[in-house]
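Heads up: the structure comes next, in structure tokens.
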Amino acid sequence: MSAALELLTGGEAVAHAMRQVDPDVVPVYPITPQTPIIQGFAKFVADGKAHGELVDVESEHSAMSAAIGSALAGARTMTATSSQGLALMAEVVYIAAAMRAPIVMALGNRALSGPINIHCDHSDSMLIRDSGVVQLFVENAQEAYDMTLLAPRLAERPEVLLPVLVCQDGFTITHSAEPVELLPEESVRRFVGDYAVPHAVLDLATPATQGPFAMPDYYFELRRAQVAALEAALPALDDVAFELTRLTGRPLAAVERYRVEGARTVVVAMGSTAGTVKEGVDAMRDAGEPVGLLRVVSFRPFPRAAVAEALADAKAVVVLDRADSPGGAPPLFAEVASVLYGGRADLRGHVYGLGGRELHPEDLPEIVSGEAPAYVGLRSEPCLA
Amino acid sequence: MGALRAWQELEPGGTVVRADAERVLTGGWRTGLKPEADLGRCVDCLLCWLYCPDSAIVLDGTAFAGFDLDVCKGCELCAEMCPTGAIEMVAE
């Protein structure tokens, strides 16, 4: 059972994962930088290597609407989008979560307009932060592949039944080629298994009404049930990740601790930036500076206990947000601050990388020392490089 | 309707799997008029049954048998559609 190693971009790797999962229905609308995902998958369908129904819908709003219908009809369903596509889809994303449709969506994270931009930040993910979907941020192409195999299993767990988004940084991951190890087809088939939802619409033996109107007597209850489902995704993620790791040998978890032990300062970040920070951490550790990285993989549900544990001994915590919340606290910072409330650690936050601006390993020392400005890499702020 | 359920007791997404719509009595929505039938003029064409937006027309096989006032909201469509004038709206 030797695994094949291929040179793939994150987008291509996810297309391969989709081919191997072989979903029944994929309603999708193309948008940069998600395009290579769906272009790759469309080619697999055209070549007869994937067997699902690829539905060329007229918009992302329709993509998610069709996805809800097919997922609840009893068909394993996947889709993909980015930025404006997710914005247009947002109304229906909330409904997908509320109807507990286990849809898997690949997201190529891209800055929201305006001004219009095609490069990475996490503002699109944060737009649907409170929609009730699971959001998992990967660091590289390999993890994008692994997580896309994991996602259907997590989404379809009976205690979860929620959309799962596999979020990869636009261009930095979607378009950058790396060696990626693909599992043998048979292992993926066995791992993913058969699709089942509790009350499939097309199962005439058990007729049901999906998505009923809920007045003040039930709306609150149904929202509460949704919270419980999202919280249940955390232990479920551990279970499914454990199973997948037995096949891949690669660990996957809600958080990754990188050289956190003995670290005086721990940097918290998500996505491909974790790779950049790891290089910076290594360089600083070589110079004798006790620095570590806590990479948040699962932003929703937010792994509060794991974050608290990883940051328990840090004297200083520095949160890097790739999205802002104008007039308020940036989203990752707000989460970490709520976890650390009442603790003694010195807590700081920086916004960086909006609209695809790069962060470099050399930026790390000033971020750690506190000399970096609130908006790292912005011209006319005290400059880093 | 039965007692309201707690969130732990609900189907995912609030999916309705029990056919309990028949137990939801909405006749109280009527605002003073109810239908009344003159069976001597009824020809069992069942246009009233076809047009009733609820399930207020009671049948006996394929024959008109009366009204279920627990769900009739007094919309008057049956009286309006009856081709023989057999249905009349009367004060409650």
Side-chain angles (χ1 to χ4, degrees), chain A residues 67-69 71-74 92-103 131-133 155-163 196-233 236, chain B residues 1-35 46-62 64-78 80-81 92:
Chain A
I68 293 174
L72 296 179
V92 198
V93 172
Y94 271 71
I95 296 168
M99 291 184 74
R100 308 286 297 280
I103 297 157
S131 63
V133 301
E156 296 162 21
R157 289 274 288 232
E159 74 274 30
V160 178
L161 291 172
L162 287 172
V197 284
H199 304 289
V201 173
L202 294 187
D203 178 2
L204 299 180
T206 58
T209 298
Q210 306 274 3
F213 190 57
M215 289 293 270
D217 59 353
Y218 271 114
Y219 181 91
F220 204 172
E221 272 67 25
L222 288 166
R223 299 303 299 190
R224 178 64 186 87
Q226 228 180 299
V227 172
L230 193 52
E231 282 169 353
Chain B
M1 273 245 294
L4 291 171
R5 279 167 283 160
W7 66 266
Q8 297 93 335
E9 301 167 328
L10 301 176
E11 290 292 328
T15 297
V16 181
V17 291
R18 299 186 315 180
D20 58 1
E22 286 175 9
R23 292 196 290 277
V24 182
L25 306 183
T26 49
W29 297 12
R30 283 199 309 281
T31 55
L33 291 178
K34 63 176 181 181
L46 303 188
L47 277 178
C48 54
W49 174 80
L50 193 62
Y51 277 91
C52 176
D54 207 303
S55 48
I57 308 296
V58 180
L59 301 184
D60 179 8
T62 57
F64 173 86
F67 302 101
D68 181 352
L69 293 178
D70 280 338
V71 294
C72 170
K73 294 164 195 67
C75 74
E76 307 188 23
L77 268 174
C78 54
E80 192 65 35
M81 296 313 299
E92 297 270 359

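Numbered from 1 within each chain, the chains take letters A, B, ... in sequence-line order. Hydrogens, waters and symmetry mates play no part in the numbers below; they use all other heavy atoms, side chains included.
- Other residues, nucleotides and ligands contribute only 12 or fewer heavy atoms inside 6.0 Å of the CD atom of B/Glu80.
- Both the backbone and the side chain of A/Leu222 have a heavy atom closer than 4.5 Å to some heavy atom of chain B.
- Side-chain N or O atoms of A/Arg100 include one that pairs as donor or acceptor with a backbone N or O of A/Leu161 at under 3.5 Å.
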Before giving the answer on side chain to side chain contact (heavy atoms under 4.5 Å, CB included), spell out for B/Cys72 and B/Lys34 the whole-Å C-alpha distance, their side-chain angles and the decisive distance to 0.1 Å.
CA-CA 8 Å; B/Cys72 170; B/Lys34 63 176 181 181; 5.7 Å; no

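- With respect to chain B, the highest number of heavy-atom pairs below 4.5 Å among A/Ala225, A/Ala229, A/Pro207 belongs to A/Ala225.
- Contact annotation for A/Ala214: neither backbone nor side-chain heavy atoms come within less than 4.5 Å of a heavy atom of chain B.
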Evaluate A/Tyr218 against B/Arg5 for side chain to side chain contact (heavy atoms under 4.5 Å, CB included), listing each step before the verdict.
CA-CA 8 Å; A/Tyr218 271 114; B/Arg5 279 167 283 160; 3.6 Å; yes

